[in-house]
Amino acid sequence: MTRVIDMEIGLPHSEANPDLERIARGRPGTPFPQPLERPEGYGFANYGRVFKARSRNETPAETEEDGGLKRLVEDMDRANIQCGLLVGAENTATAGIHARYPGRFFTFVTLDPTDGMRAVREFERLVKEEGANGLRLSALYNGVTANDRRYYPLYAKAAELDVPVRIYTAMNYANDRPYDLGHPRYLDDVAVDFPELRIVAGLAGWPWVNEMVALLRRHPNLYVDTAAHHPRYFAQPGSGWEQFMQFGNTLLQDKVMVGLSRYLFGTSFEALIEDYKNLPLKEKVVEKWLYGNAATFHRL
């Protein structure tokens, strides 16, 4: 009888631990669901060290029973925020959010590019049947940079459906993965290959601000938002935002949208809006940053 060495024998389902079917969250690209315990402060936990002051100001997350979205909409009303891009909701919550608060939120769904055409079909269903407004990509979580060809079927579908894509574009502090997964350079390939696709560079590309500005000048359908950055630092000398402010007040004044990220700063919508109004920007530019550019981008 022929001898055999089988290099991959599947454990019978009756013996399998159901946890083996799960991929460890927060570890990009790992196929191992039961990793060893990590060093203290490693990976995403490093954000707690980098942003100590910010973490002390964080308010606990609210549930719908506590007022949740209802209270959020009331806060938006007080600050005259017409609508906003809601982050943190699961894809399955899309239709319910739009049904409860029509016209108040944009919902961008997240899909795994390794799911191929299954992801494309689900993306189309979410847009057409659930009211999803766009696609959100983040190499910070899955380690797949924005120009990876596995995303291309999703980009093509977004262009076909005429919905935008928001791409994480900034340095990350999770010190178990490359710091430049969100470098603006990855956007260039996407914008070249899909010139009609509306793209927003989420988090504004810091610290590669000069490259971000150059790409915004280069690609007509590339925009940027300021999420996760406190507006008080934009005009601070030496902060690295000098070119962003210069061009954002002049040649790129129609490309910048604000992301208030109130949940990060432990303050009010009104205080953050006032900080934007106090930036050394032309009055008409402030209005564009706060409202006009996003209205154009989202085709309101």
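None of the values given here were measured: they were computed from a predicted structure.
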Glu196 atom CD, neighbour heavy-atom count above 12 within 6.0 Å | yes

Give the intermediate values and the outcome of side-chain hydrogen bond (donor to acceptor under 3.5 Å, both in side chains) for residues Thr169 and Tyr186.
-> CA-CA 9 Å; Thr169 309; Tyr186 298 118; over 6 Å; no

Determine whether more than 12 heavy atoms belonging to other residues, nucleotides or ligands lie under 6.0 Å from atom NZ of Lys277.
-> no

What's the shortest heavy-atom distance between Glu242 and Pro237, and which atoms?
-> OE2-C, 3.7 Å

Basic-acidic side-chain contact under 4.0 Å: Asp77, Arg104 = yes

Can Asp225 and Arg166 be said to form a side chain to side chain contact (heavy atoms under 4.5 Å, CB included), step by step?
-> CA-CA 9 Å; Asp225 72 51; Arg166 184 177 190 246; 2.8 Å; yes

Donor-acceptor under 3.5 Å (Arg198 side chain, Phe297 main chain) = yes

Would you sort out whether Lys128 and Leu161 count as a side chain to side chain contact (heavy atoms under 4.5 Å, CB included), showing the intermediate values?
-> CA-CA 9 Å; Lys128 291 184 174 181; Leu161 295 171; 3.7 Å; yes

Looking at Tyr223, is Lys255 sitting on its ring face, NZ or CZ under 6.0 Å from the six-membered ring centre and within 45 degrees of the normal?
-> yes

Given the rule in the side chain to side chain contact (heavy atoms under 4.5 Å, CB included) test, do Asp162 and Arg299 qualify, once you have shown the distances and angles that lead to the verdict?
-> CA-CA 10 Å; Asp162 193 25; Arg299 306 267 176 81; 2.5 Å; yes

Atom pair OG1/CD of Thr107 and Glu90 - distance to nearest 0.5 Å = 13.5 Å

same_hphob_cluster(Leu126, Leu197) at 4.5 Å side-chain heavy-atom cutoff | yes

Leu69 and Leu86, any side-chain heavy atoms less than 4.5 Å apart | yes

Pairwise side-chain contact, Thr250 with Lys282, heavy-atom cut-off 4.5 Å (strictly under) | yes

Between Phe44 and Tyr141, does the ring centroid distance fall short of 6.0 Å?
-> yes

Considering all heavy atoms of both residues, which atom of Val190 and which atom of Asn147 are nearest to each other, and what is their separation?
-> CG2-CA, 4.0 Å

Candidate list Val224, Leu215, Val213, test side-chain contact (heavy atoms from CB on, under 4.5 Å), partner Pro184, passing option = Leu215

Flag, side chain of Ser268 to backbone of Ala271, donor-acceptor distance under 3.5 Å = yes

Kindly compute the distance separating CD (Glu160) from CZ (Phe194), expressed to the nearest 0.5 Å.
-> 11.5 Å

Take Val165 and Ile167 through the side chain to side chain contact (heavy atoms under 4.5 Å, CB included) test and state the conclusion after the steps.
-> CA-CA 6 Å; Val165 176; Ile167 300 176; 3.7 Å; yes

Salt-bridge contact Arg185-Asp180 (side-chain N to carboxylate O under 4.0 Å) = yes

Would you say Asp75 and Ile81 make side-chain contact, with heavy atoms under 4.5 Å?
-> no

Going from CG on Leu140 to CG on Leu137, what distance comes out if it is rounded to the nearest 0.5 angstrom?
-> 12.0 Å

Same cluster for Leu252 and Tyr291 if Ile/Leu/Val/Met/Phe/Trp/Tyr side chains link at under 4.5 Å?
-> no

Taking the side chain as C-beta and beyond, is there a heavy-atom pair between Val192 and Arg218 under 4.5 Å?
-> yes

Nearest 0.5 Å, what's the CD-CD distance between Glu129 and Glu122?
-> 8.5 Å

Aromatic centroids of His298 and Phe106 separated by under 6.0 Å | yes

Asn249 (side chain) donor-acceptor with Met245 (main chain) under 3.5 angstrom | no

Go through the steps for Glu74 and Lys70 under the test salt bridge (charged side-chain N to carboxylate O under 4.0 Å, His left out), then give the verdict.
-> CA-CA 6 Å; Glu74 291 171 350; Lys70 180 176 182 292; 2.8 Å; yes

Would you confirm whether the ring centroid of Tyr179 sits within less than 6.0 angstrom of the ring centroid of Tyr173?
-> no

Rounded distance (nearest 0.5 Å) linking atom CG of Leu181 with atom CE of Met171 | 11.5 Å

Value for CD (Glu211) from CD (Gln243), rounded to nearest 0.5 Å, stands at 9.0 Å

Near Arg125 CZ, under 6.0 Å, is it more than 12 heavy atoms from other residues, nucleotides or ligands?
-> yes

Hey, quick one: are Leu216 and Leu281 part of the same hydrophobic cluster, counting side-chain heavy atoms closer than 4.5 Å, chains of contacts allowed?
-> yes

State plainly whether one hydrophobic cluster holds both Phe247 and Ile199, where clusters connect Ile, Leu, Val, Met, Phe, Trp and Tyr through side-chain heavy atoms under 4.5 angstrom apart.
-> yes

Side chain of Asn91, backbone of Thr110: donor and acceptor closer than 3.5 Å?
-> yes

Test item: Glu124 side-chain N/O and Val120 main-chain N/O as donor-acceptor pair under 3.5 Å | no

Non-hydrogen side-chain atoms of Leu260 and Thr226 separated by less than 4.5 Å | no

Backbone N/O of Phe244 and side chain of Gln246: donor-acceptor pair under 3.5 Å = no

Taking all atoms of both residues into account, what is the closest heavy-atom pair of Ser138 and Tyr168, and its distance?
-> OG-CB, 3.6 Å

Is Asn221 reaching over with its side chain to a backbone N or O of Pro195, donor-acceptor style, under 3.5 angstrom?
-> yes

Find out whether Trp206 and Met212 are in side-chain contact, i.e. whether some heavy atom of one side chain is under 4.5 Å from a heavy atom of the other.
-> no

For Tyr233, does its backbone N or O pair with a side-chain atom of Ser239 as donor and acceptor, under 3.5 Å?
-> yes

So does Lys284 pair up with Glu287, basic N to acidic O under 4.0 Å?
-> no

According to a 4.5 Å side-chain heavy-atom criterion applied to Ile, Leu, Val, Met, Phe, Trp and Tyr, with indirect links allowed, do Met257 and Met76 form part of one hydrophobic cluster?
-> no

Chi angles and distances behind the side-chain hydrogen bond (donor to acceptor under 3.5 Å, both in side chains) call for Tyr152, Asp193 = CA-CA 9 Å; Tyr152 273 47; Asp193 293 336; 2.6 Å; yes

Aromatic ring pairing Tyr47/Phe51, orientation class (parallel under 30°, perpendicular over 60°, tilted between) | parallel

Validation row: Lys288, Thr296 side chains within 4.5 angstrom (heavy atoms) = no

Backbone of Ala174 reached by a side-chain donor or acceptor of Asn46 within 3.5 Å = no

Kindly give the heavy-atom pair with the smallest separation between Leu300 and Cys83, and that separation in Å.
-> CD1-SG, 4.1 Å

For Asp275 and Pro231, which heavy atoms make the closest approach, and how far apart are they?
-> CB-CG, 3.5 Å

Phe269 six-ring centre to Arg262 NZ/CZ under 6.0 Å and within 45° of normal | yes

Shortest non-hydrogen separation from Tyr276 to Phe234 and the atoms involved | OH-CE1, 3.6 Å

Decide yes or no for Val163 and Leu135: does some side-chain heavy atom of the first lie under 4.5 Å from some side-chain heavy atom of the second?
-> no

